[in-house]
Amino acid sequence: MTRIALLATGGTIACRHTEHGLTPALTGAELIRGIPMSRDAELVSRDVFSMDSSNIQPEEWAQLARAIDQSFQDCDGVVVTHGTDTMGYTAAALSFMLLGQKKPVILTGSQLPLGAPLSDAESNLSCAIEAAMQGVPGTYVCFNRKLILGTRAVKTRTTSFDAFDSVNRSLSGIIDSEGVHFLRPQKISRPYQLRASMDSRVFLLKLIPGTHPSVLDYVLANGYRGLVIEAFGLGGLHYIRRNLVEKLKELRRHGILILVVTQCMYEKADLSIYEVGNQLLSADVISGQDMTTEAAVTKLMWALTQPRPAELLSENLCGEVRE
């Protein structure tokens, strides 16, 4: 019998109505009781924390990664129930912290609480458990019968049951009436080692026409060690009148790592094509290529705690850039 750990962290799937609005309340054991049980699975529930995912931060990612690593010792796979708002960030963070894992980690949640009329909770949770039972290594988001690689999952809709898309990568799998089909699983090419450290001192800046270079003084003055820039198109920025390039060079002189992605949802940043992108290259930044913002932010937070972080940022570690 396959042994699956269900790690509960709160989120809409575990919510109950209170006078202050929906609040996470159900335990992992209560979630299990609310779904049909597979005869081939033994489910073990563990409550890691109970939070709205908007409150989940790097400290919780590390706590969750350690709980998953512990569950690897006596379980064949792990399902994590999680709020949808920051699930994409958590999935990406776990992908790096659990790099090289040999067992499946499936994150899921719902748009409506378990037990609510028309809720998607039961289906999503049942599908996630069935996916974990396949034993396919890697970190995935299971939502609306889709399996999405953890470094590619982006929440793109606020109310639809089809809340997540796989950005710049085809689906890792689907669930239909014939079962779970892994179409493009995560490649596991490194030995597993838990690396649960995160440095939260990363700033995200989305450029707009007219962004003033003085914004970047805040990054330097407040001790940030990394900066992710959502640049225009293929990776452009302005350097006329408001010269962002010179300010970025100053940040690099102070040892701040800079990772550049595109504001466009799909396709990649390529800083070598236009002059405005070449200006960025002259500032010694690293191209995030086709990484999602969620993957770029969490990878930078993780890399800053590892040896040779700049080298790690330039490598494809777990499918976060095009293979």
Side-chain angles (χ1 to χ4, degrees), residues 1-11 13-14 24 26-51 60-83 87 90-91 93-110 114 120-143 145-150 153 172-176 178-183 185-188 190-196 318:
M1 182 174 289
T2 306
R3 185 176 168 92
I4 302 295
L6 188 146
L7 304 187
T9 70
I13 193 170
L26 297 180
T27 66
E30 289 171 316
L31 291 174
I32 289 174
R33 287 198 294 269
I35 62 169
M37 292 291 292
S38 170
R39 290 178 295 178
D40 299 321
E42 177 188 0
L43 299 183
V44 180
S45 68
R46 295 168 181 169
D47 298 305
V48 184
F49 43 80
S50 183
M51 301 172 70
E60 283 73 37
W61 297 337
Q63 182 183 351
L64 181 55
R66 289 190 291 267
I68 293 170
D69 179 69
Q70 184 179 5
S71 293
F72 283 161
Q73 310 309 311
D74 61 356
C75 292
D76 302 299
V78 177
V79 170
V80 177
T81 54
H82 193 287
M87 189 186 295
T90 298
L94 291 174
S95 300
F96 299 115
M97 292 190 288
L98 302 172
L99 192 64
Q101 70 201 75
K102 299 302 186 288
K103 295 182 180 181
V105 175
I106 314 291
L107 286 84
T108 194
S110 63
L114 182 68
D120 55 333
E122 181 181 314
S123 174
N124 285 344
L125 185 50
S126 296
C127 287
I129 292 169
E130 290 293 328
M133 289 173 61
Q134 307 307 304
V136 177
T139 297
Y140 307 92
V141 167
C142 179
F143 218 90
R145 298 186 175 268
K146 299 188 295 188
L147 286 161
I148 303 171
L149 191 69
S172 291
I174 59 170
I175 299 100
D176 61 18
E178 296 182 340
V180 179
H181 310 276
F182 273 90
L183 308 172
Q186 181 178 329
K187 291 182 179 179
I188 308 295
R190 299 167 182 261
Y192 172 64
Q193 178 186 348
L194 176 66
R195 302 173 177 88
C318 45

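From a predicted model like this one, the values you see are computed outputs, not experimental measurements. When reading the values below, keep in mind they use all heavy atoms of this one structure, side chains included, and skip hydrogens, waters and symmetry mates. Here, residue 1 is the first one in the sequence, and each next residue gets the next number.
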**Item:** Evaluation steps, side chain to side chain contact (heavy atoms under 4.5 Å, CB included), between T9 and M51
**Value:** CA-CA 6 Å; T9 70; M51 301 172 70; over 6 Å; no
**Asked** Do the non-hydrogen side-chain atoms of V78 and K103 ever get within less than 4.5 Å of each other?
**Response** no
**Request:** Could you check L64 against V80 for side chain to side chain contact (heavy atoms under 4.5 Å, CB included), going step by step and ending with a plain yes or no?
**Result:** CA-CA 9 Å; L64 181 55; V80 177; 4.0 Å; yes
**Asked** If you take all heavy atoms of P137 and Y140, which pair is closest and at what distance?
**Response** O-OH, 2.8 Å
**Request:** Apply side chain to side chain contact (heavy atoms under 4.5 Å, CB included) to the pair Q101 and F72, showing each step before the final yes or no.
**Result:** CA-CA 9 Å; Q101 70 201 75; F72 283 161; 4.2 Å; yes
**Request:** Verify whether one side chain among Q186 and S172 offers a donor that lies under 3.5 Å from an acceptor in the other.
**Result:** no
**Message:** Donor-acceptor pair, distance only, cut-off 3.5 Å: does the side chain of E30 make one with the backbone of T27?
**Reply:** yes
**Atom of G100, atom of I188 and distance for their closest heavy-atom approach** = O-CG2, 3.7 Å
**Prompt:** Less than 4.5 Å apart, any side-chain heavy atom of T81 and any of L7?
**Reply:** no
**Item:** Heavy-atom pair with the smallest gap, counting every atom of G109 and M87
**Value:** N-CE, 3.6 Å
**Request:** List for me each residue that meets ring pair (Phe, Tyr, Trp, His ring centres under 6.0 Å) alongside F49, sequence neighbours excluded, and say none if there are none.
**Result:** none
**Message:** If the condition is side chain to side chain donor-acceptor pair (under 3.5 Å), which residues does R46 pass it with, not counting sequence neighbours?
**Reply:** S71, D74
**Message:** A side-chain contact here means heavy atoms from C-beta on lying under 4.5 Å apart; do V105 and L98 qualify?
**Reply:** yes
**Asked** Can you name the nearest heavy-atom pair linking S126 to I35, along with the distance?
**Response** OG-CB, 4.0 Å
**Request:** Output, in order, the C-alpha distance, side-chain angles, deciding distance and verdict of side chain to side chain contact (heavy atoms under 4.5 Å, CB included) for M133 and I4.
**Result:** CA-CA 7 Å; M133 289 173 61; I4 302 295; 4.0 Å; yes
**Message:** I want to check something: taking the side chain as every heavy atom from C-beta on, are T108 and H82 in contact at a cut-off of under 4.5 Å?
**Reply:** no
**Fill in**
Correct closest heavy-atom pair for I175 and V180 would be CG1-CG2, 3.9 Å
**Complete:** In terms of heavy-atom contacts, S45 and G28 come closest through CB-C, 3.6 Å
**Request:** Check whether any side-chain heavy atom of Q63 lies under 4.5 Å from a side-chain heavy atom of V48, and answer yes or no.
**Result:** yes
